[in-house]
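Values in this document were obtained by computation on a predicted structure and should not be read as measured data. A note on names: the letters A, B, ... follow the listed sequences, proteins ahead of strands, and every chain is numbered from 1.
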Amino acid sequence: MDFQWNGEQQALRESVESFAREKLNAEVIQRDREGTFYRDGWSQCAQVGIQGLCVPAEFGGAALDALTVVGVLERLGYACKDNGLVFSINAHMWTVCGPLVTFGTPEQRVRYLPGLCDGTLIGGNAMSEPNSGSDAYSMSTVAERRNGSYILNGCKTYVTNAPIADVLVVFAVTDKAKGANGISAFLVETKTPGVTVAAKLEKMGMRTSPMAQVYFDRCEIPAENRLGRDGLGAMIFGESMLWERACILASAVGSMERLLEMTIRYARERRQFGSPIGSFQYVAGRIVDMKMRLEASRHQLYHSAWLLSKGRNCFLEAAMTKLQVSEAWCRSCEDAIQVHGGSGYMVDYELERELRDAVGSRLYSGTSEMQRNIIASLLGL
Amino acid sequence: MKVIVPCKSIRNPYTGLASPFSLNPFDEVALEEAVAWVERGLAKEVLVVSIGAEETELPIRHAIAKGATRAIRIDAGAPLEPLCIARALAAIVGKEGGDVLLMGKLSADEDNGQVGPMVAGLLGWPQITSVTATSVDVAGVTVTCRRQADGREQLVQSCLPAVITADIRLNKPRPTNLLRLTRALKGPLEVMSLESLGVRPSCRSPLVKTVARPPRKAPERLVDVDALFSRIGTHLSP
């Protein structure tokens, strides 16, 4: 086993870290308060090549393997405090770029991937509906084949990036009788007549990552915009969820490291009763727990990404990574706030925002409960 | 038009990084300008030249990733005095040719600001220093630069070839693209010795002593606002 990054991986990680530290952290508190998406930051990330980390070079991507990608995203999360921006990038990468690379036709790849990599196009994924969340395949959005097109009708909710997106991967029922095998995926441009992006949803955290409901009303989609063959939607969704569960919280691991360093520094400097508070065992114990969670999360993350890099099955590990990191991130945020005392509760310390951002990770890409269900079923239970 | 951009690798201020070096920000600005000239069709080639040991190579590869056409590292283990660096750069110009030497006005670690003017002197080229904007005529015959002097702004024109030193306000350098970086990390990097350029390390002004800056005094906690005003008053009173 080799636990060391090679020279190239190290250079990429440090390059992204330096970039993020210098360019992405201005006015995060204000953007969070106002719920503003950092478009210029998005463009700069695209210049660096972050949106196209997994995309082949011929389409403008960096063509990196999964392990290197999570290594780079980890440093992005460490140095960039705008978790919402990073989340938007992740949604774009794992649920739009990834499926296009794997399932897109040559024409679809040429049409969309260069723009998705260079920052001129923003992607989003439309799966959840008001009445189908965890039970995703019970959706009611339908796509009816008519001549050379599909007519899309229905409503999707919690669509990350919807207010800013140019193209969405939309899942709809094409043959209700076939159940999950009757679901298809479509590339839908948001300017298409019949697509309405509703008002932005107000969220607890990740407020710099815009989200909205999207309505489809007799929306005509050319048949060539179907992603993958008819009825392949569930497989496409499953594949994108696999990558998302394995990789989306790489930045959270970086974020946990930043929190840990900040908390250690505070516990050393802050003195009460004549001693640094870190010398009190209850305080030190919390910080030790933060460190333990960070390292457990990091190893779980690297293991899943390593399996993906090798093309090996990682359904179990991806679910474990998602569950482990999301729960650890939330608890470490709580510990960081607790160690900082009243200061940790203040907006300027940026810990309360971190906690609000972290909570969503227990919900998106499948709730913690769903991850436990997946893990249990893969254990034969 | 061929542009030579000398780039210095300086110690990275972030000690946590495995690579201890990064591009001197003034040189990074010069490089960005040269690459922008190529993109606008004003120049054809950007040659980056750096002087240092092998461990300083990563920033040079970043320079390639940012758009340099080629890069040369002149191998030197120990730091060189500015005149020696200027001689090496003049030798590179003699060997490679070039129409513009576009470089940072100083290095952020040493603050000497001597190399640009010295190499202009050695080459007998005109120079425009501390430049905040450039304009190259289409034929590539002259360059007009804006430079900020004390309380005023100047437009200075020069025929080519010339030495131009960049102020940090010249532009905002682009970030390094990861795909280009992976390619640059695997690509060629020419290495030359000082001897091959006919330059002997010299030291006309040896460093006699380096004294660490004294630590900052601990801040003083004042008991109340009156004490603060009292303290400020002692500084503000006419």
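- Atom CD of B:Glu153 sits in a crowded spot, with more than 12 heavy atoms from other residues, nucleotides or ligands closer than 6.0 Å.
- Neither the backbone nor the side chain of A:Ala63 comes within contact range of chain B, judged by heavy atoms closer than 4.5 Å.
- By the 4.5 Å heavy-atom criterion applied to side chains, A:Leu85 and A:Phe37 are counted as neighbours.
- Contacts between A:Gln47 and chain B at a heavy-atom distance below 4.5 Å involve backbone atoms as well as side-chain atoms.
- Interface remark: B:Arg61 contributes no atoms to any contact with chain A (heavy atom separation under 4.5 Å).
- With hydrogens and angles ignored, the 3.5 Å screen pairs a side-chain donor or acceptor of A:Arg31 with a backbone N or O of A:Ala26.
- For B:Leu185, the part sitting under 4.5 Å from any heavy atom of chain A is the side chain, from C-beta outward, and nothing else.
- Within the 3.5 Å criterion, the main-chain N or O of A:Ile164 finds no donor-acceptor partner in the side chain of A:Asn161.
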